[in-house]
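Residue numbers start from 1 in every chain, and the chains themselves are labelled A, B, ... in the order their sequence lines are given, proteins ahead of strands.
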Number of protein chains: 2
Amino acid sequence: MIVPYYAAMTAPSSPRRPGPGRPREFDTDLALDRAIAVFSERGYQGAAISDLTRALGLTAGSLYKAFTDKRGLFLAAFDRYVALRTDRLRAVLEGAPTGRAKIKAVLDFYAGSSYGADGRRGCLVVAGAVDLATADPEIAARVTGVLHLNEGRLADLVAEGQADGTIAPHLDPMVTARLLLCVLQGMRVVGKTGRDRAEMAPLADNALRLLD
Amino acid sequence: MIVPYYAAMTAPSSPRRPGPGRPREFDTDLALDRAIAVFSERGYQGAAISDLTRALGLTAGSLYKAFTDKRGLFLAAFDRYVALRTDRLRAVLEGAPTGRAKIKAVLDFYAGSSYGADGRRGCLVVAGAVDLATADPEIAARVTGVLHLNEGRLADLVAEGQADGTIAPHLDPMVTARLLLCVLQGMRVVGKTGRDRAEMAPLADNALRLLD
DNA sequence: CATAATAGGGAACGATCATTTCCGAATCAA
DNA sequence: TTGATTCGGAAATGATCGTTCCCTATTATG
């Protein structure tokens with residue numbers, strides 16, 4: 001019932017040199033895609049090992065041999081989730097010519113992830129922030145890092161738009177980027193409550209007003 | 001399944017007529033305030049009964065006698081959280097004369113809750129959305145109800161601003177309200193990653209650009 | 001004073017949790 | 001072939017979870 005988020009567009013994350021020993025029978029990336037789905041919709045603590053073994057099609061022994069423990073599986077799933085989303089976002093950005101168009105593409109991308117089944121599944125970064133921000137310093141640092149990274153990228157896009165004349169020059173790129181980040185993360189939260197495309201799609205165009 | 005979220009304002013939520021039997025020794029509202037803190041920062045599944053008994057200063061027996069079970073405690077804490085926030089927000093709104101000023105007050109209110117210790121503690125509605133949107137239909141309905149309610153209130157404020165001439169008349173109140181809701185919820189998510197006042201406060205003023 | 005009813009508290013319960021252990025199977029290097 | 005090494009899988013482990021039970025304490029009612 002769980003479908004892989006996106007067909008693997010990234011290079012196989014584990015080069016996996018075939019040393020001695022029995023080779024792994026399952027696809028690590030496919031397993032992580034399933035883990036992403038489980039963790040996203042149930043949260044970290046809400047996802048039991050039994051849920052994960054069922055979804056991944058692995059026994060507990062194999063799972064622990066491959067990912068050390070539940071936390072290691074979450075970390076691996078988190079990193080893959082971020083990498084996949086970053087790739088998809090990068091692909092979407094390539095078609096946009098100006099800074100403003102790129103920001104619109106980002107907004108469209110998030111709006112498109114925030115309704116229907118994907119919206120309900122939710123964002124693993126948000127789940128990590130809510131579940132583990134106070135409980136697990138390392139995961140908290142990872143979440144913080146991703147958000148700061150995205151904030152910086154948005155600031156770069158704002159500056160790019162100001163340079164090419166498509167974004168008002170008097171805006172503070174940092175503040176504008178942070179505000180856009182809130183819009184994006186907020187879409188993911190609201191999208192968990194079951195919205196449809198007609199509700200979320202118009203938000204992207206409307207948010208562009210922030211660039212005038 | 002619509003529940004009176006803000007039925008009791010600041011008045012004691014439990015009228016508690018003293019029937020027969022030993023009277024309760026602890027303050028229910030104070031206990032719920034502690035529960036709000038625990039659930040907010042650890043999430044629903046992350047908050048163990050032992051965490052709650054320690055924070056509330058109650059034994060498990062008393063806790064279950066008063067709130068039925070963990071879910072009942074969460075529901076009571078959730079309702080109180082929403083009621084308290086609604087009251088605080090209402091108080092803040094009273095000082096604002098125009099629709100635009102009221103929306104600015106709302107934005108300031110959320111920005112003020114999204115940094116420092118309060119920001120790290122996080123929002124119980126967001127926590128409920130992330131942890132239980134797919135697991136518990138009744139709680140999911142309650143979360144959805146709160147967000148829709150707030151969305152509707154924001155739409156009313158936009159319309160009010162359009163009527164008094166402080167908000168551009170060509171805007172769609174519904175879409176604008178939904179976008180503002182995303183900004184507010186996004187602040188709460190970003191605020192979980194440890195921001196300070198200097199980062200969050202300017203967002204409120206900047207978001208007002210959405211009303212031009 | 002006697003009875004009913006509720007609260008406080010702590011020990012105990014079964015269930016489930018994350019994790020480990022054990023063993024047969026599969027692969028590589030010699 | 002022979003070790004060394006890793007994997008898959010199922011059963012077992014100890015810990016912790018949410019919850020209940022039982023007993024005492026405290027109040028209202030009659």
Member of A/Ile103, A/Leu211, A/Leu180 meeting the side chain to side chain contact (heavy atoms under 4.5 Å, CB included) criterion with A/Leu157: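 Only match with A/Leu157 under side chain to side chain contact (heavy atoms under 4.5 Å, CB included): A/Ile103.
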N-O pairing of B/Arg90 and B/Glu94 below 4.0 Å: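 Salt bridge flag = no for B/Glu94 with B/Arg90.
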Carboxylate-amine/guanidinium proximity below 4.0 Å for B/Arg153 and B/Asp156: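 Answer for the salt bridge query: no.
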CZ/A/Arg71: more than 12 non-hydrogen atoms of other groups inside 6.0 Å: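 Check passes, neighbour count above 12.
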What's the [atom1]-[atom2] distance between [X] and [N], to the nearest Å?
X	N	atom1	atom2	result
B/Phe74	D/dG18	CZ	C1'	16 Å
B/Arg24	D/dT26	CZ	P	17 Å
A/Arg42	C/dT16	CZ	C1'	14 Å
B/Leu52	D/dC17	CG	C1'	12 Å
B/Leu58	C/dG10	CG	P	12 Å
A/Phe26	C/dA26	CZ	P	17 Å
B/Leu73	D/dT19	CG	C1'	14 Å
A/Leu56	D/dG9	CG	P	12 Å

Sugar-phosphate or base contact per nucleotide [nucleotides 17-24 of chain C; S, B, -; heavy atom under 4.0 Å]: SSBB-B-B
B/Arg188 side chain to B/Val126 backbone, donor-acceptor under 3.5 Å: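 No, because the side chain of B/Arg188 does not come within donor-acceptor range (under 3.5 Å) of the backbone of B/Val126.
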Cationic tip of B/Lys70 above B/Phe39 ring, under 6.0 Å, 45° of axis: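 Cation-pi check for B/Lys70 and B/Phe39: fails.
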